[in-house]
Amino acid sequence: MKKEKKNEIIMNVIISAVCIVLFAIMFMQFKTIEETDITAIENMRETELRTAIAEWKGKYEEALEQLEENKKSIKEYEQTIEDNGEASELIDKDLQEADMKLGKTDIYGEGIVITIKNTDDYQIQAYDLIDLINELRYAGAEAISINDVRIFSTSYIVQLADGLTLVSDQRVTSPFVIKAIGNQTYLSSSLSLKDSGYIDRNKARGMDIELETRNSIQILKNTSNREVKYMKEGEK
Amino acid sequence: MILIAIVIGCILGAVIGIYAPMVPYTYSGYLAIAIIAALDSVFGGIAATLNKNFDLKIFVTGFFGNAILSILLTYLGQKLNVDIYLAAIVVFVGRMFNNLAIIRRYYLNKWPSKKEENKNETEKSK
């Protein structure tokens, strides 16, 4: 009788424990579902959500990659634009320098002016001019003109049979005014070296020669233009 | 006596469940399967009681064992990418209906005989 009662109590306790567990779990589940089951996204199964997330992640990564690529190409373009700008600036500078050297523009700068005249004792010949120009070039003259005829790389000075002097297709006569742009000191000192200098040498021969240094000399641009016909760029 | 124990257990369980922390949505699927398994055990226990072959050990081990086994199966199914929990639900709910049918038949068998007895009694009194 006592044992039966004990058994009954044990059974009651176990069954109530089972009920507690069952209801506790059930109510927890009710609560969870009630609080999460609000929108469609939460209705979706976890696997579906996972695939959706993976899909979006893939898309995001793709977009990111594309963005990165585009950024890169934009950078490249910017770089080339910059490079082009630099190159064209350099080319501009080169062109300007070449123009100045070729005498395509009026130029000015410090330098010297030499005036040589025929005298009764001495008639100035073409080679006197050539000699002078060589001396000036040697002394570092950057630009030279004879009677406002610009001397550049293809210039020539020849003596015609009738005594006329031709400088780059233009006739020049005495007095010859030679302008040279360059370092004044170098130019004047190399010309006026004692005895061996151009001035002393030619004065001894009876030439009338005057040297003048100026801070600003204007040399006009070259008017004659020789076409390039035969020479070509490159190696053969 | 046993009814009081059941009622107290239910109320206590409800209170605990309401104040328990929320389960993450990911795990609520496992919990649902466990509940189905437990309910199946409960109905099986009631049916067994009516058939007078109720065994407390079988009931308790079935209650917890089925719940844990169904949770494990669901987990395995997710790992294998097979919805094994559907099979568990089919089995448990099918058994629940079976047990419900047993319970229903038991009371249906009881009810008409009572009614007839009552009828006989009333006829006799007339």
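Lettering of chains follows the sequences in order, A, B, ..., and the numbering in each one begins at 1.
Interatomic distance, CD1 of Ile133(A) versus OH of Tyr198(A), reported as 8.5 Å (0.5 Å rounding). A distance of 9.5 Å separates CD1 of Ile114(A) from OG of Ser188(A), quoted to the nearest 0.5 Å. Separating the CZ atom in Phe92(B) from the CG atom in Asp40(B) is a distance of 6.0 Å, to the nearest 0.5 Å. Atom CD1 of residue Ile144(A) and atom CZ of residue Arg150(A) lie 9.5 Å apart, to the nearest 0.5 angstrom. A distance of 14.5 Å separates CD1 of Ile68(B) from CD1 of Ile33(B), quoted to the nearest 0.5 Å.
Annotation: side chain of Leu136(A) is in contact with side chain of Leu191(A) (closest heavy-atom distance under 4.5 Å). At least one side-chain heavy atom of Ile151(A) sits less than 4.5 Å from a side-chain heavy atom of Arg137(A). Between Leu50(B) and Ile103(B), the closest side-chain pair of non-hydrogen atoms falls below 4.5 Å.
Proximity to chain A involves both the backbone and the side chain of Ile6(B), based on heavy atoms less than 4.5 angstrom apart. Neither the backbone nor the side chain of Tyr30(B) comes within less than 4.5 Å of any heavy atom of chain A. In this structure, chain A has a heavy atom under 4.5 Å from the side chain of Val42(B), while its backbone stays farther away.
In terms of heavy-atom pairs under 4.5 Å with chain A, the best-connected choice from Ala67(B), Ala14(B), Gly45(B) is Ala14(B). Of the listed residues (Asn81(B), Leu12(B), Ile16(B), Leu31(B)), the greatest number of heavy-atom pairs within a distance under 4.5 Å of chain A belongs to Leu31(B). Annotation: maximal heavy-atom pairing with chain A below 4.5 Å, among Gly29(B), Ala32(B), Ser41(B), occurs at Ala32(B).
Residues of residues 12-27 of chain A placed with any heavy atom under 4.5 Å of a heavy atom in chain B are listed by number as Asn12(A), Ile14(A), Ile15(A), Ser16(A), Val18(A), Cys19(A), Ile20(A), Val21(A), Leu22(A), Phe23(A), Ala24(A), Ile25(A), Met26(A), Phe27(A).
Here the shortest heavy-atom pairing between Phe43(B) and Leu100(B) reads CE2-CD2, 3.7 Å.
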